[in-house]
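Report on the structure given below.
Lettering of chains follows the sequences in order, A, B, ..., and the numbering in each one begins at 1.
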Protein chains: 2
Amino acid sequence: MTFQKEIEKKLKDEGYKLTNQRKAILEVLFSHKNHFLSAEEIHLKTQEKYAKTNFSTIYRNLELLEKLDLIHKINLDNNTAHYELIHKKCHHHHIICKGCGKTEPIDFCPLEEILSKLNHKDFSFTDHKFELYGYCSNCQKKLL
Amino acid sequence: MTFQKEIEKKLKDEGYKLTNQRKAILEVLFSHKNHFLSAEEIHLKTQEKYAKTNFSTIYRNLELLEKLDLIHKINLDNNTAHYELIHKKCHHHHIICKGCGKTEPIDFCPLEEILSKLNHKDFSFTDHKFELYGYCSNCQKKLL
DNA sequence: GTTAGTGCAAATGATTTGCACCGAA
DNA sequence: TTCGGTGCAAATCATTTGCACTAAC
């Protein structure tokens, strides 16, 4: 069973219906592994697969997929959320291209090291962000 | 000369006028060092100092102060920008309380270490984010 | 047949902008 | 006096929501 089918099964097992829209969104996310896409980009690309798909449906499904820990959501500096399929099981961070959204995983996480240096007994840590931004080789060329 | 007067002088030297609104905004930022405040919070607190101050004026000045590298701006997960005065000269990151916005600086930056592990000759890095989130002791009590 | 899911259009919330007026230099 | 700055109201942009309808199951 492919990874995509696995996720579709997981959705059904959890009682969610497998609509055409939902399948189209998943297809889009699967065909853009390692890219953070905006909701708008996902909407456009999903419509290529299933033309009727509405923008609200995109948002509602992205919310669901995030809740199920199937996608990562980040808020870029321009105040638009971007989404990426989670296909690596282990905790990792990202290098993110500001031109095209392309990402590369960083397996190394500095959290433990930093916590050991800090000694903050009075602060309860819940989560952390670590992201490197820049331009991939393709986008560097375009900027010239 | 106090740090605040220094910044006011810097603004004037760069040709910006020192309006009552601008002074009030700076006062607010100075009296909330080590706290990320939302534009709304800054607006409310500024109005306590100079009642007439309009919301647009807040945004326009925050934009200016950010351009002049006098404040930090971060986008929290709830899609609202938060702002904090830059009063430490050296590069640092933040521990951020999700309850009250209170921050503590982290002097340690993992960037160099990570870049040395990565070997990404094809990617030009421009900037990075490293933030720890959680609850300060005060806000932990409130959550109980 | 049920009920979750969707489309549509309208609401929301943060932020931005155009324009006429105001006030710091 | 002169621009840069401000207030106001309207516009914008991303996202969310209410509600009637549709389609998985």
*Mapping B:Ser56 and B:Asn79 to their closest nucleotides on DNA chain C, which lands nearer the 5' end?*
B:Asn79
*Could you check B:Ala39 against B:Arg60 and say which one's nearest nucleotide on DNA chain C is further toward the 5' end?*
B:Ala39
*In a check of side chain to side chain donor-acceptor pair (under 3.5 Å) between B:His94 and each of B:Glu104, B:Glu131, B:Lys129, B:Glu84, which one passes?*
B:Glu84
For [X] and [N], give me the distance from atom [atom1] to atom [atom2], rounded to whole Å.
{"X": "B:Leu76", "N": "C:dG13", "atom1": "CG", "atom2": "C1'", "result": "15 Å"}
{"X": "A:Asn61", "N": "C:dA4", "atom1": "CG", "atom2": "P", "result": "15 Å"}
{"X": "A:Tyr50", "N": "C:dG7", "atom1": "OH", "atom2": "C1'", "result": "11 Å"}
{"X": "B:Ile58", "N": "C:dT15", "atom1": "CD1", "atom2": "P", "result": "12 Å"}
{"X": "A:Leu65", "N": "C:dG5", "atom1": "CG", "atom2": "C1'", "result": "13 Å"}
{"X": "B:Asn54", "N": "C:dT15", "atom1": "CG", "atom2": "C1'", "result": "13 Å"}
{"X": "A:Glu63", "N": "C:dG5", "atom1": "CD", "atom2": "C1'", "result": "13 Å"}
{"X": "B:His43", "N": "C:dA14", "atom1": "NE2", "atom2": "P", "result": "13 Å"}

*Name the first nucleotide and the last nucleotide along DNA chain D (5' to 3') that come under 4.0 Å of a heavy atom in chain A.*
D:dA14 to D:dC25
*Using a cut-off of strictly less than 4.0 Å, decide whether A:Thr57 has a side-chain nitrogen or oxygen near OP1 or OP2 of C:dG7.*
yes
*Between B:Tyr59 and C:dT16, does any side-chain N or O lie under 4.0 Å from OP1 or OP2?*
no
_Contact residues, residues 10-23 of chain A to DNA chain C [heavy atom, < 4.0 Å]_ = A:Tyr16, A:Lys17, A:Thr19, A:Gln21, A:Arg22
*Show your working on salt bridge (Lys or Arg N to Asp or Glu O under 4.0 Å) between B:Lys98 and B:Asp77 and close with a plain yes or no.*
CA-CA 10 Å; B:Lys98 293 197 282 188; B:Asp77 283 341; over 6 Å; no
If you compare all heavy atoms of [X] against all heavy atoms of [Y], which two are closest, and at what distance to 0.1 Å?
{"X": "A:Thr57", "Y": "A:Ile25", "value": "O-CD1, 4.2 Å"}
{"X": "B:Gln140", "Y": "A:Asp122", "value": "NE2-O, 3.1 Å"}
{"X": "B:Phe108", "Y": "B:Glu113", "value": "CZ-OE1, 4.0 Å"}
{"X": "A:Asp69", "Y": "A:Ile86", "value": "O-CD1, 3.5 Å"}

*Should we say atom NZ of A:Lys52 is surrounded by more than 12 heavy atoms from elsewhere, each under 6.0 Å from it?*
no
*Establish, yes or no, whether the cationic atom of B:Lys102 lies under 6.0 Å from the six-membered ring centre of B:Tyr133 and within 45° of the ring axis.*
no
*With a 4.0 Å cut-off on heavy atoms, is B:Ser38 in touch with a base, just the backbone sugar-phosphate, or nothing at all?*
nothing
_Residue among A:Lys9, A:Lys17, A:Lys10 satisfying salt bridge (Lys or Arg N to Asp or Glu O under 4.0 Å) with A:Asp13_ = A:Lys9
